[in-house]
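What follows is a single structure, written as structure tokens, with notes after it.
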Amino acid sequence: MGLDFNADEIFEMAEQIERNGSKFYKNAAGVVEGEEKNFLLELAKMEDEHEVTFAGLRKELTAKEKATTTFDPEGEAAEYLKALADTRVFFDKEINPSNMIDILKAAVMAEKDSIVFYLGMMELVPEKLGKDKINAIIKEEMAHIRLLSNKLAKQK
């Protein structure tokens, strides 16, 4: 028997991943200067905006898309989802914070990891529970990869 997630739970994880991303970019911005610092702070701001976007999408879900799929009297599912989000994307990575190329490479990898994570999670969300809504998350992350890849190309 598989464990199903609903769209509400996926958006909850997405919000946590965006918070983690914002923290990653803010921490990286704390060790660089000038244009690089501004770029990283702009990325952090985008992550903050994505969190708001995902929270808004989450609010638009129907009751059916928010319906719990498992019995959880202890409320452990929320803790599990947070732990899952915290350990899969934008977790603490060993990078050279003084090297913008290393920061950008780590960021591209994290964004790619987030897309892979969401694609995998889409497989766990039944159609009736809002599977199609997960595509909005993936499109947002793809835009970040394009932005980061362009910046990385200019750095080399």
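Taking 4.0 Å as the cut-off between side-chain N and carboxylate O, Lys23 and Asp48 do not count as a salt-bridged pair. Salt bridge status for Glu141 with Arg146: absent, with no side-chain N to carboxylate O gap under 4.0 Å.
Across every non-hydrogen atom of Ser22 and Ala44, the tightest pair is OG-O, 3.5 Å. When all heavy atoms of Glu111 and Ile145 are compared, the closest pair comes out as CB-CG1, 3.5 Å. Shown here for Lys37 and Gly30, the closest heavy-atom pair between the two residues is NZ-CA, 4.2 Å. The minimum heavy-atom distance linking Ile10 with Ile134 is given by the pair CG2-CD1, 3.2 Å.
Between atom NE2 of residue His50 and atom CD of residue Glu18 there is a gap of 6.0 Å, rounded to the nearest 0.5 Å. Taking CG of Leu43 as the start and CD of Glu49 as the end, the distance is 11.0 Å to the nearest 0.5 Å. Atoms CD1 and NZ, from Ile115 and Lys139 in turn, are 12.5 Å apart once rounded to the nearest 0.5 Å. One finds the CG atom of Leu104 at 11.5 Å from the NZ atom of Lys154 (value rounded to the nearest 0.5 Å). In this structure, NZ in Lys151 is found 11.5 Å from CD1 in Ile103, a value given to the nearest 0.5 Å. Taking CG from Leu41 and CE from Met46, the interatomic distance works out to 11.5 Å, rounded to the nearest 0.5 Å.
Among Lys26, Lys45, Met100, the single residue meeting the side chain to side chain contact (heavy atoms under 4.5 Å, CB included) criterion with Leu40 is Met100.
A continuous path of Ile, Leu, Val, Met, Phe, Trp and Tyr side chains, each step under 4.5 Å between heavy atoms, connects Leu57 with Leu119, placing both in one hydrophobic cluster. Linking Ile, Leu, Val, Met, Phe, Trp and Tyr residues whenever their side-chain heavy atoms come within less than 4.5 Å places Val32 and Val108 in a single cluster. Under a hydrophobic-cluster definition in which Ile, Leu, Val, Met, Phe, Trp and Tyr are linked whenever side-chain heavy atoms come within less than 4.5 Å, directly or via other members, Ile101 and Leu148 are assigned to the same cluster.
Using a 30° and 60° split on the angle between ring planes, Phe54 and Tyr118 fall in the perpendicular class, above 60°.
Taking 4.5 Å as the limit, some side-chain heavy atom of Phe39 sits within range of a side-chain heavy atom of Leu147. A heavy-atom distance below 4.5 Å is found between the side chains of Ile138 and Met142. Taking the side chain as every heavy atom from C-beta outward, Phe117 and Ile17 approach each other to under 4.5 Å.
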Check against salt bridge (charged side-chain N to carboxylate O under 4.0 Å, His left out), Arg58 and Glu51: CA-CA 10 Å; Arg58 190 173 174 202; Glu51 180 186 354; over 6 Å; no
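Neither side chain, Asn38 nor Glu42, offers a donor N or O lying under 3.5 Å from an acceptor on the other. A side-chain donor from one of His144 and Glu47 sits under 3.5 Å from a side-chain acceptor of the other.
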